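Report on the following structure.
For the numbers below, each heavy atom of this structure counts, side chains included, while hydrogens, waters and symmetry mates do not. These numbers come from a predicted model, not from an experiment. Just so you know, ligand 1 is whichever comes first in the structure, and atom 1 is the first atom listed for that ligand.
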Amino acid sequence: MSQTSVLRSNDSRELVEDWILNLRKPCIIRDCAVGECLTKWKPDYMASTVGHKPVSVHESSSNRLRFLKKNFTYVVLPFAEFIQKASCFSRAGCGDCAGDDCDRRYYYYRAVADDVRNTPSDFRRDFPSLSPDFTVPSFLQPEKIFSCVLRCSSADLGLWLHYDVLDNVLVQVRGRKRAILFNPEDAEYLYLSGDKSLIHDPENVDLEEFPLFVKARPYVYQLEPGDVLFIPAFWLHYMISEDFSVAVNIFWYNLPRELYDQKDTYGNKELQPYFRAAQGVDRALKQLEGLPIDIQRFYMRMLRSKIDKALGLSRDRSA
Ligand SMILES: O=C(O)CCC(=O)C(=O)O
Ligand SMILES: [Fe+2]
């Protein structure tokens, strides 16, 4: 298990910026001023402040959510009812529930804008009654922010292993969370299908099905309320809410804006240069189609060695 790194908000701004801009490794930043949300955002307060605004949430009988082989459904609930359901059998929950109303289901909410097809999420706009309680960490540049996403989860719920293409800080507001991260250099051991992994739960992996996983090096971060986790773009992450959990994550552009997919409102569509490169690969393979299969495969290996060379992984056996 790799070591974790902790910075303090009273460390110099230069140190935090150096970490994010140059070192580009995950870290926890403690003691950031993030506002009164840390004391105010208890389930009852959130439910009564937001009220019955309808929200679309993930509901599952499993406590390890899977996206690729879906084991959840989307249900629309009034926000107050969702908070009651998500918190009522948690260790840090509302305490109002005698247990009889619990339907023993797990809930996860990732806020999206009303116009989700065109607009990234910003809870400061969509939940105006909660907005004054939250302060964006001071080391972030407001003009680079892409989205500011409210996330709430039942206790003991794992969210699928995936990556996003933007830099991210996750502000853990309520409850404890375990974050398991992997360096993108380990992607070849993580059985990706697009931005998500086929591995259901990186803490319980079937090594017969996923033998390369043994080579992947997890970085484990134990988050407490108030902790801010920097997740660099493309680092894979699996998140387990240990208690009823509320977080806000802030995605921002760390590269020039024109490199991103302009229609992406989630922060997980591949960068434009990759999109064009992948089309080029498809075209290249099509060019070979007129040849006998053994010669096609010969040339495919030649093409692969070009990429290996660019990666610094020479297959040159002449030595
Ligand atoms: O902590 C969570 O609920 C999920 C966080 C996440 O995937 C993100 O911030 O990108
Ligand atoms: Fe994410």
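Looking only at protein heavy atoms, the nearest one to atom 3 (O) of ligand 1 is Tyr108 OH, 2.6 Å. Among all protein heavy atoms, the one lying closest to atom 1 (O) of ligand 1 is Lys177 NZ, 2.7 Å. In this structure, the protein non-hydrogen atom closest to atom 9 (O) of ligand 1 is Asn168 ND2, 2.9 Å.
An angle of 90° is found at the Fe ion (ligand 2) between His237 atom NE2 and His162 atom NE2, rounded to 10°.
Here Ile231 has no heavy atoms under 4.0 Å from ligand 1, in either its backbone or its side chain. Residue contacts with ligand 1 for Val149 are absent, since no atom lies close enough (heavy atoms, distance under 4.0 Å).
Atoms of ligand 1 found under 4.0 Å from any heavy atom of His162, numbered from 1 in the order shown, are 7 (O). Interface of Asn249 with ligand 1, defined as ligand atoms under 4.0 Å from a residue heavy atom, comprises 9 (O). Near Leu170, with a cut-off below 4.0 Å to any heavy atom, the atoms of ligand 1 are 1 (O), 5 (C), 9 (O). Near Leu159, with a cut-off below 4.0 Å to any heavy atom, the atoms of ligand 1 are 4 (C).
Aromatic rings of Trp19 and Phe139 (six-membered ring for Trp) have centroids beyond the 6.0 Å cut-off, not under it. Checked against a 6.0 Å centroid threshold, the rings of Phe146 and Tyr260 do not count as neighbours.
When distances from the Fe ion (ligand 2) to the N, O or S atoms of Asp164 are compared, OD2 comes out shortest.
Looking at every heavy atom in both residues, Ile250 comes nearest to Cys148 through CG1-SG, 3.9 Å. Residues Arg217 and Phe182 approach most closely at O-CD2, 3.6 Å, considering heavy atoms.
For the ring pair (Phe, Tyr, Trp, His ring centres under 6.0 Å) with Tyr109, the qualifying choice from Tyr74, Phe244, Phe82 is Phe82, the only one to do so.
The backbone N or O of Ala111 sits less than 3.5 Å from a side-chain atom of Ser121, completing a donor-acceptor pair. Between the side chain of Glu208 and the main chain of Phe210, no donor-acceptor pair closer than 3.5 Å is present.
Under the 4.5 Å side-chain heavy-atom criterion for grouping Ile, Leu, Val, Met, Phe, Trp and Tyr, Val246 is connected to Val136 within one hydrophobic cluster.
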